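The figures that follow rest on heavy atoms only: side chains count, while hydrogens, waters and symmetry mates do not. Count residues from 1 along the sequence. Being a predicted model, the structure only gives us computed values, none of them experimental. We count ligands from 1, going down the list as the structure has it; atoms in each ligand are counted the same way.
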Amino acid sequence: MNYDHLANQDPEVFKVVLEEEKRQNEEMELIASENYVSPAVREAMATVLTNKYSEGYPGKRYYGGNQFIDDVENIARERAKKLFSAEHVNVQPLSGSPANAAVYFAFLEPGDKVLGLKLDHGGHLSHGHPVNFSGMLYNFIQYEVDIKSGRIDMDEVANIARREKPKMIVAGYSAYSREIEWEKFKEIADEVGAYTFADIAHTAGLIAARLLNNPVPIFDVVSTTTHKTLRGPRGAIIMCKKEYASQIDKAVFPGMQGGPHDHITAAKAVAFGEALTQDFKNYAAQIIKNARTLAEELMNLGYKIISDGTDNHLMVVDLTNKGISGREAEEILDKIGISASRSTIPGDPRPPFNPSGIRLGTPAITTRGMKEDEIKKIAVWIDTAINNKDNPQKLSQLKEEVKEMCKAFPIP
Ligand SMILES: *Cc1c(COP(=O)(O)O)cnc(C)c1O
């Protein structure tokens, strides 16, 4: 992109941007929630649409001059509807957590009972963790994965639902590598009279490509971020059945938010347009192939993967048998230019700040064009770094190798 004005006017900020750009170019991103947007998505974010106020919705704004903003919001809505087979879409949520806040606000009263997956079992803070607004405002009951299989035990979910009679059941996670049984969740919810809410923040791109089951036709309401596997700008959308359209729209505005970020709406529209193409479907298929290869290679090297593999873009590695914590592994990988995020494992005996595992994901490196051959090398680098954590010479040699590969696969 052209940074002429920024470079001339504000060298202090420009320097930071360049440093971060260099870091992204030379280092390898295995953080499962990150990705690289296309130049077209970046350009859309840097347009004059950022100057506009447009509280309200297309055709019903509280400010003048919104004829073109209406167009862009309608394009984004229509593309998202097509992408996920949604009856109604709200494209204004500013990010994943605010979107979830709007969903709860639309369906629940403070104190209502909700079922969500526990954070250290792969859930998200906004699914009822005590330090999050969700856990403070609502009465969350947490379900867990089966410790042995690493998978959600649907019989257990049914038992808890029958006992607790929640008003809403939340499914869709941040650190869960297996297909989710949406139909079964829906059956359980119908039996106990609960709303169904899917948060597909992580897997949206894979669902849009129809490589994972789509909850949108099954569930009452579905939220997703737009910046993870979907590869759009930072932001979120909410999809729902027609009958809930007006309560969702009211919850987003005026309930939770003021004016939408119209430049981001434009970038969402561009990203949805990209996600509708065959190229994106091929990309999403390669994400999964790469994740499976990484899981297999690591298992061959003696690593324990929660649930013994993956159906999607991520995996949680239990490092207990390697005598190293997740935080240590994160720090060692940082030394060789690989970014990963520490992660709890189900039933983790260690504290969340220094848990037993790391979470690895392939969306970003797949965007760079890396395939199975590169993944095999990456698995060996990870293992070699962990085995040579006290050998600075070895680590700096690995860092050079990582950098070499990154240079061969430039960011779009
Ligand atoms: C990432 C994530 C979110 C939150 O998104 P932010 O944009 O960071 O607020 C919500 N739910 C799930 C399941 C996520 O993985």
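- Screening residues 198-231 for ring pair (Phe, Tyr, Trp, His ring centres under 6.0 Å), with sequence neighbours left out, gives Trp182-Phe219, His202-His313.
- Exactly one residue among Arg162, Lys186, Lys165 makes a salt bridge (Lys or Arg N to Asp or Glu O under 4.0 Å) with Glu191. That residue is Arg162.
- Heavy-atom minimum distance, Val192 versus Pro166: CG2-CD, 4.3 Å.
- The ring pair (Phe, Tyr, Trp, His ring centres under 6.0 Å) pairs that include a residue from residues 160-179 are Tyr173-Tyr176, where partners are two or more places apart or lie in different chains.
- Contacts of ligand 1 (protein heavy-atom distance under 4.0 Å) are Ser95, Gly96, Ser97, Asn100, His124, Tyr173, Ser174, Asp199, Ala201, His202, Thr225, His227, Lys228.
- The side chain to side chain donor-acceptor pair (under 3.5 Å) contacts involving residues 102-114 comprise Asp112-Lys167, Lys113-Glu164, where partners must be two or more places apart or lie in separate chains.
- Each of Asp318, Asp383, Asn321 was scored for a side-chain hydrogen bond (donor to acceptor under 3.5 Å, both in side chains) with Tyr303, with one residue passing: Asp383.
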